[in-house]
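Note that these values count all heavy atoms, side chains included, but never hydrogens, waters or copies made by symmetry.
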Amino acid sequence: MSVSDPEPATFASPLEEVRARIVRSAVLAGRDPAAIELIAISKTHPMPAIQPLLDAGQLSFGENRVQEAQDKWPGAIANDRRIRLHLVGQLQSNKADAAVALFDAIHSVDRPSLIDALARASERAGRRPECFVQVNIGEEPQKGGCAIAELPALLAQAGRAGLPVAGLMCVPPADTEAAPYFALLAKLARDNGVAGLSMGMSGDYETAVLIGATHIRVGSALFGQRG
Ligand SMILES: *Cc1c(COP(=O)(O)O)cnc(C)c1O
């Protein structure tokens with residue numbers, strides 16, 4: 001499934017173009033564009049490259065490493081408390097406290113030990129980031145995310161631990177059509193009574209919006225290729 005290109009148009013910035021494409025896909029799907037959160041994935045990019053997006057009113061950002069986010073974001077957050085930081089990379093349990101302290105949402109919850117660590121860290125911090133359970137949707141050996149068969153048990157465990165699960169997250173296999181994987185994640189969310197869907201990256205976010213994404217994670221389409 002793909003969307004034909006829009007009328008030739010000049011956009012003031014990559015951010016304007018991505019926003020316009022989100023609106024177009026949402027309208028095509030009969031969805032409210034405001035129900036889709038664009039997360040600007042700023043990993044590897046320094047604050048001077050991020051500042052123009054902040055100036056344009058972008059408030060949701062994503063990083064894949066706790067340390068990098070700790071080095072980069074506290075100053076900007078102190079300046080604007082509306083900024084929301086999302087962790088989209090794999091998280092080691094021993095960094096749960098640091099992650100809970102800094103991030104508003106964690107998209108890579110994928111195993112029982114991490115659920116326990118995040119629940120304890122949230123308790124200590126008195127702060128509960130939204131959690132997305134990452135599903136290894138293509139059943140790829142090297143990839144993060146829980147096996148599809150493990151999902152119900154993980155969701156039940158998160159519930160018992162008092163960890164708020166906002167949705168499911170996936171990164172489909174590279175170099176294949178993403179739509180079937182997005183559709184499978186959407187079905188798993190429906191079957192398990194989970195509302196949010198964190199899916200879609202620079203190459204396929206329009207498809208993801210058509211299939212129901214509530215959170216899309218876009219890096220290179222906003223910032224250019226990473227070095
Ligand atoms: C880097 C990253 C993205 C953004 O990828 P782009 O192709 O640059 O848009 C999205 N999700 C995750 C989990 C990532 O690591």
Exercise. Looking at side-chain heavy atoms only, is the closest gap between Met47 and Ile50 below 4.5 Å?
Worked result: yes

For this session: With sequence neighbours left out, write down each residue that passes salt bridge (charged side-chain N to carboxylate O under 4.0 Å, His left out) with Asp175, or none if nothing qualifies.
Result: none

Seminar exercise, completed: Between Cys131 and the options Ile115, Val109, Leu114, Leu87, the side-chain contact (heavy atoms from CB on, under 4.5 Å) test singles out Val109

Exercise. Going by atom types only, do Glu63 and Ser42 share a side-chain donor-acceptor pair under 3.5 Å?
Worked result: yes

Problem set entry | Check: Glu130 and Pro164 side chains under 4.5 Å, non-hydrogen atoms | no

For this session: Could you check whether the rings of Trp73 and Phe61 sit parallel, tilted or perpendicular, using 30° and 60° as the cut-offs?
Result: tilted

Exercise. Can you tell if the side chain of Leu54 reaches within under 4.5 Å of the side chain of Asn79, non-hydrogen atoms only?
Worked result: no

Exercise. What pairs with Arg31 under salt bridge (charged side-chain N to carboxylate O under 4.0 Å, His left out), at least two apart in sequence or on another chain?
Worked result: none

Exercise. Is there a side-chain contact between Phe182 and Leu197, using heavy atoms and a 4.5 Å cut-off?
Worked result: no

Exercise. Which pairs, with at least one residue in residues 137-156 and sequence neighbours excluded, count as a ring-ring contact (aromatic ring centres under 6.0 Å, His included)?
Worked result: none

Exercise. Any ring-ring contact (aromatic ring centres under 6.0 Å, His included) pairs touching residues 136-178, not counting sequence neighbours?
Worked result: none

Problem set entry | salt bridge (charged side-chain N to carboxylate O under 4.0 Å, His left out) against Arg128, all qualifying residues, sequence neighbours excluded | Glu123

Exercise. Under the salt bridge (Lys or Arg N to Asp or Glu O under 4.0 Å) rule, what pairs show up with a residue in residues 41-50, not counting sequence neighbours?
Worked result: none

Exercise. Can any side-chain N or O of Glu139 pair as donor or acceptor with the backbone N or O of Pro141 at less than 3.5 Å?
Worked result: no

Exercise. With Gln51, which residues qualify under side-chain hydrogen bond (donor to acceptor under 3.5 Å, both in side chains), at least two apart?
Worked result: Asp55

For this session: Any pair with a residue in residues 142-168 that passes salt bridge (Lys or Arg N to Asp or Glu O under 4.0 Å), sequence neighbours left out, goes on the list, sorted by first then second residue, please.
Result: Glu140-Lys143

Exercise. Do Asn192 and Leu168 have side chains that get closer than 4.5 Å, going by heavy atoms?
Worked result: no

For this session: For Tyr181, enumerate each residue passing the ring-ring contact (aromatic ring centres under 6.0 Å, His included) test, keeping only those at least two apart in sequence or located in another chain.
Result: none

Problem set entry | With Gln67 via side-chain hydrogen bond (donor to acceptor under 3.5 Å, both in side chains) - residues at least two apart | Asp71

For this session: Under the ring-ring contact (aromatic ring centres under 6.0 Å, His included) rule, collect the residues that match up with Tyr205, sequence neighbours excluded.
Result: none

Exercise. Hey, do the aromatic rings of His86 and Phe132 have their centres closer than 6.0 Å?
Worked result: no

In residues 95-106, what donor-acceptor pairs under 3.5 Å come from side-chain atoms, sequence neighbours left out?
from, atom 1, to, atom 2, distance (Å)
Asp97, OD1, Arg124, NE, 3.1
Asp97, OD1, Arg124, NH2, 3.2
Asp97, OD2, Arg124, NH2, 3.0
Asp104, OD1, Arg127, NH2, 3.1
Asp104, OD2, Leu85, N, 2.8

